[in-house]
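Every heavy atom of this structure was used, including side-chain atoms; hydrogens, water molecules and symmetry mates were not.
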Amino acid sequence: MKLAVLKLGARIVFGSKVGSSGGSGEAASLIEMLVEGGCEVDCYTKVLSSDIKDPSVNIYNIEDHIENINSNNYDSLIVINGAVNFFGGQEDKPQILNYKAINQFNGKVIYLYCDPNLTLKQIWPSIEKKPWASNWKKEDIEITKPIHVISQSYNLEKNKALFEKNGYKVPTINQYDFQKFPMMKPRATSTFGKTVDLSYGGTFRSGRREKKLIEFYFGHPDDISVEVFGKIKIGDFNEKKIVGLRPPKFTPPVDYNAMIQKMSASKSHIAIGDNQYPDFEMISQRVYESIIAGTLLFVDTEFDKNKRIFGHNADLKKLLYIDNRKQFSDRLKVFSEKDFNDIIELQYSSVDFDKKEYCTNFVNLLGV
């Protein structure tokens, strides 16, 4: 299968160029799955001379090669979710060309939908207000094609409704467990041991994580060390909501490719999500990053109300799903070192899978 791939809202980059961008890291991982599943992949993006080459894919500068997307006889055009923002009101030609490529593609367009907040949105309403709008034509940019969707979250009816609300026809929508792609990476081998009892790495997500971060990462007793690292700081929180609660220690973000190693320094992690995650039945990739990092993964019961994460393992479900911070601290304190190590192994074995089959099944879904 020969595929053209676009990424909305960010460049397609590999290796150390990914930096701390979760969106770019996610895109690189999804492309890796396509290649491992047997696809020939051509990526179209903004290319810089300093970019690291990946021998498994072809990367083209979209400004120079957009016409190739139709002329190279691709089986499908793959669009990786993202949000296009014209920061400072500046024109972003490569990102606008992504939309032109989608609209003009003469084959099947498939949207990889890993985040409920990144539904495919039209950008013409933003463009037409800009002083450089005359550089573009509405009929080139406004997407009128049917969009096939493969979603990470399980509530497909809710997902489809969002796309239809934005004016898209959705001929097919299927679920795939993109959240599990971190399992393709090697398990972490920490060289510096466990230096913190509980950690969270990520962003504030425009306030969508505030409630759950306060609920599970603030207010712990002094004998439980808590770290929150990433693009998030104490000043992001509503002071009235955290008054009287012991705050975590806030530290800077790390590169996407260093995330697993950073998490491996923590004894535990509590899986939380955005406010709308329970309705979408959304499980995040951080869950599986935690598991391969060798942290003890506790799960907010509301986050995974159907208790999908540990499959059929009833013991883990009973032990690791929690309703509040006190349940977490009570359980953490009773585990011996042997208990801890045994549970780490058990949670990994309960979610492990055949990596080649995982990628092949994903590729097979593209033809549905």
### Query
Can Val196 be reached from Met259 by stepping across I, L, V, M, F, W or Y side chains whose heavy atoms are under 4.5 Å apart?
no

#### Entry: Residues Lys307 and Asp304 bridged, charged N to O under 4.0 Å
no

### Message
Within the structure provided, determine whether Cys43 and Val41 are in side-chain contact (heavy-atom separation under 4.5 Å).
### Response
yes

#### Entry: Asp315/Lys318 salt bridge by N-O under 4.0 Å criterion
no

### Message
Any salt bridge linking Arg308 with Glu281? Criterion: basic side-chain nitrogen under 4.0 Å from a carboxylate oxygen.
### Response
yes

### Query
Checking side-chain hydrogen bond (donor to acceptor under 3.5 Å, both in side chains) for the pair Trp136/Glu91: CA distance, chi angles, key distance, verdict?
CA-CA 11 Å; Trp136 306 94; Glu91 183 181 33; 2.7 Å; yes

#### Entry: Gln152 and Gln175: side chain donor to acceptor below 3.5 Å
no

### Salt bridge Asp51-Arg11, side-chain N to carboxylate O under 4.0 Å
yes

### Message
Would you say that Ile292 contacts Lys185 through its side chain, given a criterion of any heavy-atom pair below 4.5 Å between the two side chains?
### Response
yes

### Query
Do Ile214 and Val243 share a hydrophobic cluster, counting only Ile, Leu, Val, Met, Phe, Trp and Tyr and linking them when any side-chain heavy atoms are less than 4.5 Å apart?
no

### Query
Is the shortest heavy-atom distance from the side chain of Phe178 to the side chain of Phe362 under 4.5 Å?
yes

### Task
Measure centre to centre between the rings of Tyr176 and Tyr358, then say whether the value is under 6.0 Å.
yes

### Message
For Leu198 and Ile270: C-alpha separation, side-chain torsions, deciding distance, then whether side-chain contact (heavy atoms from CB on, under 4.5 Å) applies.
### Response
CA-CA 8 Å; Leu198 172 66; Ile270 303 174; 3.7 Å; yes

### Task
Decide whether a cation-pi geometry holds between Lys165 and Phe163; the criteria are a distance under 6.0 Å from NZ or CZ to the six-membered ring centre and an angle within 45° of the ring axis.
no

### Task
Please confirm whether Lys317 makes a cation-pi placement over Phe310, using NZ or CZ under 6.0 Å from the six-membered ring centre and within 45° of the ring normal.
no

### Message
Let's go through Thr295 and Glu289 carefully: what are the C-alpha distance in whole Å and the side-chain angles of both, what is the deciding distance for side-chain contact (heavy atoms from CB on, under 4.5 Å) to 0.1 Å, and is it a yes or a no?
### Response
CA-CA 9 Å; Thr295 69; Glu289 289 174 336; over 6 Å; no

### Message
Asp92 vs Lys46, test: salt bridge (charged side-chain N to carboxylate O under 4.0 Å, His left out). Steps then yes/no.
### Response
CA-CA 10 Å; Asp92 188 336; Lys46 179 179 180 178; over 6 Å; no

### Task
State whether Glu210 and Lys241 are salt-bridged, where the test is any N-O pair (Lys NZ or Arg NE/NH1/NH2 against Asp/Glu carboxylate O) under 4.0 Å.
yes

### Message
Less than 6.0 angstrom separating the ring centers of Tyr200 and Phe229, yes or no?
### Response
no

### Query
Just checking, is any N or O donor in the side chain of Gln122 or Asn166 under 3.5 Å from an acceptor N or O on the other one?
no

### Query
Please walk me through it: do Phe237 and Phe204 pass ring pair (Phe, Tyr, Trp, His ring centres under 6.0 Å)?
CA-CA 9 Å; Phe237 294 85; Phe204 199 54; 5.0 Å; yes

### Query
Can you find a heavy atom in the side chain of Ile78 that is under 4.5 Å from one in the side chain of Leu112?
yes

### Message
Within the 3.5 Å criterion, strictly below it, is a donor on Asn81 or Asp115 matched to an acceptor on the partner's side chain?
### Response
no

### Query
Quick one: are Leu77 and Ile110 in side-chain contact, heavy atoms under 4.5 Å?
no

### Query
Do Ile150 and Leu366 come within less than 4.5 Å of each other through their side chains, counting heavy atoms only?
yes

### Query
Step by step, would you call Glu345 with Arg187 a salt bridge (charged side-chain N to carboxylate O under 4.0 Å, His left out)?
CA-CA 11 Å; Glu345 291 304 315; Arg187 294 178 71 179; 3.2 Å; yes

### Query
Do Glu63 and Lys93 have side chains that get closer than 4.5 Å, going by heavy atoms?
yes

### Query
Passes side-chain hydrogen bond (donor to acceptor under 3.5 Å, both in side chains), Ser336 versus Asp339? Steps please.
CA-CA 5 Å; Ser336 67; Asp339 292 333; 3.1 Å; yes

### Message
On the six-membered ring of Phe340, is Lys267 placed so that its NZ or CZ lies under 6.0 angstrom from the centre and within 45° of the ring axis?
### Response
yes

### Task
Indicate yes or no: at least one non-hydrogen side-chain atom of Ser151 is less than 4.5 angstrom from one of Leu156.
yes

### Task
Cation-pi check, Arg325 to Phe218: give yes when NZ or CZ is under 6.0 Å from the six-membered ring centre and within 45° of the ring axis, no otherwise.
no

#### Entry: Straight-line distance of Thr45 OG1 to Lys7 NZ, nearest 0.5 Å
9.5 Å

#### Entry: Residues Gln347 and Asn313: side-chain donor-acceptor under 3.5 angstrom
no

### Query
Does the distance from a Lys or Arg side-chain N to an Asp or Glu carboxylate O, for Asp300 and Lys212, drop under 4.0 Å?
yes

### Query
What do the steps show when you test Asp177 against Tyr154 for side-chain contact (heavy atoms from CB on, under 4.5 Å), and what is the final call?
CA-CA 9 Å; Asp177 290 339; Tyr154 290 85; 2.7 Å; yes

### Query
Between the side chains of Asp54 and Ser56, does any donor sit under 3.5 Å from an acceptor?
yes

### Message
If you take the centroid of each ring, where Trp contributes its six-membered ring, are Phe86 and Trp132 closer together than 6.0 Å?
### Response
yes

### Task
Determine yes or no for a side-chain-to-main-chain donor-acceptor pair under 3.5 angstrom, with Ser266 supplying the side chain and Ser268 the backbone.
yes

## Note on the structure
Checking Asn68, Ile69, Ile62 against His65 for side-chain contact (heavy atoms from CB on, under 4.5 Å), the one that qualifies is Asn68

### Task
Flag the pair Phe216 / Phe298 as yes when their ring centroid distance falls below 6.0 Å, and as no otherwise.
no

### Task
Show the numbers, then the answer: is there a side-chain hydrogen bond (donor to acceptor under 3.5 Å, both in side chains) between Ser284 and Gln179?
CA-CA 5 Å; Ser284 63; Gln179 71 271 15; over 6 Å; no

### Query
Which is it for Gln95 and Asn98 under the side-chain hydrogen bond (donor to acceptor under 3.5 Å, both in side chains) test, yes or no, and what are the steps along the way?
CA-CA 5 Å; Gln95 284 298 324; Asn98 280 339; 3.2 Å; yes

### Task
Tell me, with the steps shown, if Arg205 and Asp274 meet salt bridge (charged side-chain N to carboxylate O under 4.0 Å, His left out).
CA-CA 8 Å; Arg205 289 180 63 83; Asp274 294 1; 2.8 Å; yes

### Message
Can you tell me how far apart CG (Leu346) and OG (Ser349) are? Round to the nearest 0.5 Å.
### Response
5.0 Å

### Task
With Lys2 as the cation and Tyr74 as the aromatic partner, state whether NZ or CZ is under 6.0 Å from the six-membered ring centre and within 45° of the axis.
yes

